[in-house]
Each structure stands twice: as C-alpha cells, then as structure tokens.
> 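Please see the structure below; I have some questions.
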Amino acid sequence: MKKYIKSAVVMLLAFIMVFSIVACSKPPMVSQEELEIAEKQGVAEGEVTFTYGPAASSADYRAAADRFVSAFESKYPDVKVETDYTATSDTRIAAADIGDVFYFSEDQTYKYAVSDKALLPLDGFVEKFGIDLSDVYSGIYALGLVNGRLYFVPRDYNHMALIYNKTAVTEAGVSESVKPEWTWEEFQVLCEQLYSEDYYPVELNLGYSPVYTAFFEAYTHRNSWCSTSEKKITFIDEEGKILRAVKEALDLAKKDYAKFPGINDTQEGLQNRDAIFTTCVYPQVQTYGKNFDALDVEWDVINMPLFENPSFGCGASGVGVFSRTQNVTGAAALALFFFTPEGQKAFNAGQGGSVPLLKSIDAEGYDAWKYPDDENWSTKNWDAFVYKADTASTPGQVNCRMPVEVASAIDTDIKKILGQDLAGTTSYLDGFATLEKKCNELWGLLTA
C-alpha cells in the first residue's frame, strides 16, 4: 500500500512541477500602464506572430492572408510578421500558445474580451496609426465594440441579402418589382404573386441571428430590443413594434410563402417546390451561384426589402490582439491594418477575400471582389452587398451585444418559439414573453 501511495505522491509532484513550468512560461498579461505607454509612446517595430487558421483550409484563403501581410510589411518595414496558419482554439488561448494577433469569428468577441480576458482594447491606437473610423461602415465597426471599447477588427464586410432565381421572376412577369428600393410591404404582396406549383417565394432564415436581429429593429430603432447600458432585453413592448415584422414573417409562412430552415421544412405547402429568393451573404454566392449555373438558370442578387427602419444584419470574422502579447504596438498596428485602404485592397483583391468594409473603396469604384474577369458573373448586382451599408447595417450576431449565456438563450429558443407558433401549440407572443424573462434573469445574475 505504501508503495502505491509513494508512487501517487511522486506523480502528483511531477504534475505540479510540469504545471508550474507551463504556467511560469506564459508571458504576463499586458498591464493598463503598459497599454497606455504603448498607446502614447510605442513604435511599430520588432516581430509579431499572426495566427490565421483559414489559410490552412484553402490556397485562396492563404493567398489573401499572404497579400495582407505583404502589404502590411511594406507599410511598416520595421515590423516582421511570422505567419501561423493554424486554427485558433480556447485551449491555445488558455495555454498562451497563440499569435500576437489571432483570427476568430465575431461571435467570440464578448467571450474573449470579457470572460477570458484574452484581448486588448485597440481604440487607443486608432489615432496613432491614422485610422479613419468615419470611413468604416458603422454596423461592421460596432461588431467589435464591447462596453464601448474596440476589441475586434473585422477583415471584411458581409450583410444579409437575397440571391434569387431570375428566370422564375421573369416568367412570373414581375421583374420590375425586384429593385433596390423595394419595401417589406411590397415584398409581402410580391410573395402572393410568386407562389406556384413549382415555387414558394422565399427561404427566409429567421432562426439565424443576422436575419432575426434586423426583424426586431424593423419598426423601431437600433438596439430597441437590446439595451447594453441597462443590460436588458425587450421583446414585448407596449406598441408591439419589436415583434411586428416577426409576426408578418410568420403570416407569410402560414400561407406557405416562406420557409424558415430548420423550423417548417416539412410544411405540406412547401414540398416539391423550390425557393425563388434565399437569404445569403456574399461568401455563399460561390455555392448558390454555381448551383444555379449548373441548372442553366439565370440568377442575380438583391438587397433585403427595406423595413420602415431599414436594417440589414451584418457580420464578419476578423482579428484581435492577444492580451499577453510582448509587442503591443506592433500587434495593434497589424490588427488595425484591416481598417485601412491598403489592407482592405490587399486582402480582398482576389479569391479568398470578400467585400471591403470602407466607404471610400466603394466610392472609388473598386471592384476586385465583383468578379470583374468573369464574363457571366461580372454583371450581377454586386452592389446589393453594400447597399445602404453605412446607414442600414446592424450587428448581426447577438453574441456581439450581450453575454454569451444570454445570447445562447435567444439562439436556442427562437426556433422553438417560431415552430410552436406555426404548429398552433404556443403563440409567438407567449414564447417571446417567456424568453424575455429568461434573458433578463440571466443577465441580472451575471451582473449581480
């Protein structure tokens, strides 16, 4: 018995030693004083490591990252960037085995900034590096804000739009109704004209955050349903404005005019029919467009119909600066380079890139992301993906606005709420009232 106890003690001591060595090998977190010194006196020089996982998944993504790094080093010749084209993970962050600047999706910002304390705020470096924030689409900039500080820098711009079967619209004789300035009211009328034996009007992904957030704001204003200052969720308002567009979408679904993926897929009136309009973001066009081409169907894209308060849910993946970086200034310069014309043009210049996030680039007619060399695709309405981008874009992911636990409650319950209303078992109003109470209790506990 003593032998086993002795062995166990030895193993425990060995574990403690290894853990201590690993813990001690971590660089310390950047202090507030060190951050302030870097903001005021720091110079962009030295070495930084850029962890960018997508580059490992395709040659196109790698090319985009390489172009971005090359352009950065040209502008900041005293900074050497070491590329780490492997995936970001919570384990790597916890072990401090991550780059000075690392890639993640926008819905991780709150978690990494607040819960994990893994990110440094970057707004203090904006003036130092001459970043013109007035040139950045406002909705996409807001994605990176947590408690008023900037922790996340998007690499590109994506807001919800519609890709559609142009052949079906033409055959229905309603082509003139599909236009950039069309309204949500007009779209509802159009749905009645488009339903047929072969088609239902729209596949509307209302259970997806970048879609439903815009519906919550459709008849109100930005953040009316989510107050980050009061830390409060409101779905049931006195005038019924917050859920009005949701009710109208449910009415479309009850007439078989709209499919909500994962919610009413088996609805009888939708079977053996194809969608004419489908909600999508720019990167998805590669898949949808090629599918239409394979069927020899003419297609195009159009912005979402305009609500009374025009609102398009936007999102992007991007980067942040690790809170244990040993080169604060160099890392901040690299991350914020995504907010510059040079950085955006380099990253989005070809395959592997996406839609630039600066107003000035769109104004000058920059079209590298619009397939200019493809005779069949260059004439598509690519402007749909930047239509009213500065005035109508709103942060799409609920995780960007509130604690992860509250956001998860909304994402988990909304499909159930919509599905139960369509099934006639529980009214959407009752469902959202219950969800509102749950969210506010959760948020209250988290801030108590």
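This structure is a prediction, so every number in the text was calculated from the model and none was measured.
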> Looking at CZ of F277 and CZ of F187, how far apart are the two atoms once the value is rounded to the nearest 0.5 Å?
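Going from the CZ atom of F277 to the CZ atom of F187 covers 5.5 Å.
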> Regarding R244 and the six-membered ring of Y219, is the cationic atom NZ or CZ under 6.0 Å from the ring centre and inside 45° of its axis?
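Checked: cation-pi criterion met.
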> Compare all side-chain heavy atoms of Y212 with those of I410 and state whether any distance is below 4.5 angstrom.
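Touching, per the 4.5 Å side-chain cut-off.
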> With no hydrogens and no angle check, just 3.5 Å: does a side-chain donor-acceptor pair link D256 and Q267?
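Judged by distance alone, the side chains do pair up.
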> Could you verify whether a donor N or O on one side chain and an acceptor N or O on the other, from R401 and T228, lie under 3.5 Å apart?
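Judged by distance alone, the side chains do not pair up.
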> Quick one: does Y195's side chain get under 4.5 Å of R273's, heavy atoms only?
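Yes, close enough: below the 4.5 Å cut-off.
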> Taking atom types as modelled, is there a side-chain donor on D135 or S360 under 3.5 Å from an acceptor on the other?
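D135 vs S360: donor-acceptor pair found between side chains.
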> For Y112 together with Y151, are the ring centres under 6.0 Å from each other?
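Distance test on ring centres: not under 6.0 Å, no.
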> With no hydrogens and no angle check, do the side chains of Y282 and D156 hold a donor and an acceptor under 3.5 Å apart?
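No donor-acceptor contact under 3.5 Å links the two side chains.
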> Which heavy atom of C314 sits nearest a heavy atom of L143, and at what distance?
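Reported closest heavy-atom pair: O-CD2, 3.9 Å.
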> Determine whether Y52 and R155 make a side-chain contact, defined as any pair of heavy atoms from C-beta on separated by less than 4.5 Å.
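Yes. Closest side-chain heavy atoms under 4.5 Å.
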> Using the rule ring-ring contact (aromatic ring centres under 6.0 Å, His included), only one of W225, F260, F307 pairs with F215; which is it?
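That would be F307.
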> Could K232 and W443 be counted as a cation-pi pair, given that NZ or CZ must be under 6.0 Å from the ring centre and within 45° of the axis?
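The answer is no, since K232 fails at least one limit relative to W443.
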> Work out which heavy atom in P305 is nearest to a heavy atom in L162; give both atom names and the distance.
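That would be CD-CD1, 3.9 Å.
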> How many angstroms lie between atom OG1 of T434 and atom CD1 of I417, to the nearest 0.5 angstrom?
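So the gap between those two atoms works out to 7.5 Å.
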> Just by distance, no angles: are the side chains of S311 and E217 close enough, under 3.5 Å, to form a donor-acceptor pair?
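A pair is found: one side chain offers a donor N or O, the other an acceptor, under 3.5 Å apart.
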> Looking at every non-hydrogen atom in both residues, tell me the closest pair between L442 and E405 and how far apart they are.
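Heavy atoms of L442 and E405 come nearest at CD1-O, 3.7 Å.
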> Assess the side chains of S317 and Y103: does a donor N or O sit below 3.5 Å from an acceptor N or O?
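On atom types as modelled, these side chains qualify, holding a pair under 3.5 Å.
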> Would you say the side chain of Q188 lies within less than 4.5 Å of the side chain of W184, judging by non-hydrogen atoms?
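They are in contact (side-chain heavy atoms under 4.5 Å apart), so the answer is yes.
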> Could you tell me whether the side chain of L150 reaches within less than 4.5 Å of the side chain of F339, counting heavy atoms only?
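Yes, their side chains come closer than 4.5 Å.
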> Heavy-atom distance under 4.5 Å between the side chains of I302 and W182, does that happen here?
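Side chain of I302 against side chain of W182, heavy atoms only: contact under 4.5 Å found.
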> Mind listing the closest non-hydrogen atom pair of S354 and N348 along with its distance?
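In this case the closest contact between S354 and N348 is N-OD1, 2.6 Å.
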> Using the rule side-chain contact (heavy atoms from CB on, under 4.5 Å), only one of V101, L357, V319 pairs with F338; which is it?
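When V101, L357, V319 are each tested with F338, the side-chain contact (heavy atoms from CB on, under 4.5 Å) holds only for V319.
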> Give a yes-or-no answer on whether the side chains of S229 and S227 include a donor-acceptor pair shorter than 3.5 Å.
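Yes, side-chain donor-acceptor contact under 3.5 Å.
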> With a 4.5 Å cut-off on side-chain heavy atoms, are L119 and S323 touching?
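Side chain of S323 against side chain of L119, heavy atoms only: no contact under 4.5 Å found.
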> Do S105 and D107 pair up side chain to side chain, a donor and an acceptor below 3.5 Å, judged on atom types alone?
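Result is yes, a qualifying pair exists.
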> Return yes if a side-chain donor-acceptor contact under 3.5 Å exists between D293 and W299, otherwise no.
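Looking only at side-chain atoms, W299 and D293 do form a donor-acceptor pair, the distance falling under 3.5 Å.
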> Mind checking whether Y164 and V301 have side chains closer than 4.5 Å, heavy atoms only?
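Of all side-chain heavy-atom pairs linking V301 with Y164, none is under 4.5 Å.
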> Side chains of D198 and S196: donor-acceptor distance under 3.5 Å anywhere?
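Their side chains do not contain a donor-acceptor pair, so the 3.5 Å distance test is not met.
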> For K111 versus D116, what's the shortest heavy-atom pair and its separation?
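Heavy atoms of K111 and D116 come nearest at NZ-OD2, 2.7 Å.
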> Do K416 and Q420 pair up side chain to side chain, a donor and an acceptor below 3.5 Å, judged on atom types alone?
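The criterion, which ignores hydrogens and geometry beyond distance, is not satisfied for Q420 and K416.
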> Among Y387, F312, F385, which residue meets the ring-ring contact (aromatic ring centres under 6.0 Å, His included) test with H159?
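In the set Y387, F312, F385, the residue that makes a ring-ring contact (aromatic ring centres under 6.0 Å, His included) with H159 is F312.
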